[in-house]
Amino acid sequence: MIRVAKQEEVKHFDIKDLDANIHPYVVFGNEEHNPSFMPNKHGMEHLRVMAIMCGGQLHYGIWGDTSGGTSTGEASISLAKLCFPKEDITGDIGHSEKDVFVHWLHRKERSSGIQGRLESEGQ
């Protein structure tokens, strides 16, 4: 997999890199496959907030990675465990039902940094 959230982007949040066991992120998009879909070609920016409906609840995560395959439907372990806490989810065992809805929140403002300031484009 190719990491979308680059280390220089997440350092603004005082972390070295995204950790699938801690940070709730969505694997969205794929490269070099047919068919392919890359969210950044449609206006989505790295680390963009995404709304995730799963397990009968609404959660929020970020766009943090892409898949190397033709499927676009993975999540970090931490997000999967939020969605389905009663399932035994690991790096090798996931949730296989097609009952998760993901929506990217498309706005020009960027997420707030560690200081809690809203970083807008053009500033």
Side-chain angles (χ1 to χ4, degrees):
M1 286 189 205
I2 296 173
R3 173 77 56 201
V4 172
K6 297 176 178 67
Q7 290 179 342
E8 63 268 13
E9 293 173 316
V10 297
K11 75 178 182 181
H12 299 288
F13 301 97
D14 202 27
I15 58 174
K16 291 183 181 183
D17 201 357
L18 292 178
D19 183 332
N21 293 297
I22 299 170
H23 305 110
Y25 65 82
V26 174
V27 178
F28 187 59
N30 58 7
E31 294 90 26
E32 302 173 11
H33 286 83
N34 189 10
S36 67
F37 174 73
M38 285 305 298
N40 58 336
K41 292 183 180 178
H42 298 276
M44 188 167 180
E45 297 177 10
H46 304 155
L47 304 177
R48 180 64 65 199
V49 173
M50 301 185 86
I52 302 100
M53 283 294 295
C54 55
Q57 296 184 335
L58 174 64
H59 297 285
Y60 292 95
I62 59 169
W63 177 36
D65 204 353
T66 61
S67 173
T70 57
S71 162
T72 61
E74 297 176 10
S76 65
I77 294 170
S78 60
L79 180 57
K81 287 182 176 185
L82 277 174
C83 291
F84 306 103
K86 294 180 181 178
E87 293 185 25
D88 184 28
I89 294 176
T90 68
D92 295 322
I93 302 169
H95 178 79
S96 60
E97 300 295 320
K98 296 183 187 225
D99 57 357
V100 176
F101 175 79
V102 177
H103 177 75
W104 113 56
L105 304 176
H106 188 262
R107 292 188 47 153
K108 289 292 182 188
E109 290 88 14
R110 300 192 73 135
S111 55
S112 61
I114 190 144
Q115 302 299 321
R117 295 186 310 268
L118 185 64
E119 299 172 7
S120 298
E121 287 186 22
Q123 290 184 335

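These numbers come from a predicted model, not from an experiment.
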Engineer: What's the spacing between His103 NE2 and Met50 CE if we round to 0.5 Å?
Structural biologist: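 Interatomic distance, His103 NE2 to Met50 CE, rounded to 0.5 Å: 9.0 Å.
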Engineer: Walk me through it: do Ile62 and Leu18 pass the test side chain to side chain contact (heavy atoms under 4.5 Å, CB included)?
Structural biologist: CA-CA 10 Å; Ile62 59 169; Leu18 292 178; 4.0 Å; yes
Engineer: Considering only heavy atoms from C-beta outward, does the side chain of Trp104 approach that of Val26 to under 4.5 Å?
Structural biologist: no
Engineer: List the steps, then state whether side chain to side chain contact (heavy atoms under 4.5 Å, CB included) holds for His23 with Val10.
Structural biologist: CA-CA 11 Å; His23 305 110; Val10 297; over 6 Å; no
Engineer: Any side-chain heavy atom of Glu9 sitting closer than 4.5 Å to one from Glu45?
Structural biologist: no
Engineer: Do Ile22 and Tyr60 share a hydrophobic cluster, counting only Ile, Leu, Val, Met, Phe, Trp and Tyr and linking them when any side-chain heavy atoms are less than 4.5 Å apart?
Structural biologist: no
Engineer: Side-chain donor-acceptor contacts of residues 80-88 below 3.5 Å, not counting sequence neighbours, with atom names and distances?
Structural biologist:
from, atom 1, to, atom 2, distance (Å)
Glu87, OE1, His95, ND1, 3.0
Glu87, OE2, His95, ND1, 2.8

Engineer: Mind checking whether Phe37 and His42 have parallel, tilted or perpendicular rings, split at 30° and 60°?
Structural biologist: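 It falls in the parallel class, under 30°.
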Engineer: Could I get the full list of side-chain contact (heavy atoms from CB on, under 4.5 Å) partners for Ser76, not counting sequence neighbours?
Structural biologist: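 Scan of Ser76 (side-chain contact (heavy atoms from CB on, under 4.5 Å), adjacent residues dropped) gives Ala20, Tyr25, Ser78, Leu79.
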Engineer: Which value, rounded to the nearest 0.5 Å, describes the distance between Met38 atom CE and Asn30 atom CG?
Structural biologist: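 With rounding to 0.5 Å, CE (Met38) is 7.5 Å from CG (Asn30).
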Engineer: Applying a strict under-4.5 Å side-chain criterion to I, L, V, M, F, W and Y, I'd like to know whether Ile77 and Phe28 cluster together.
Structural biologist: no
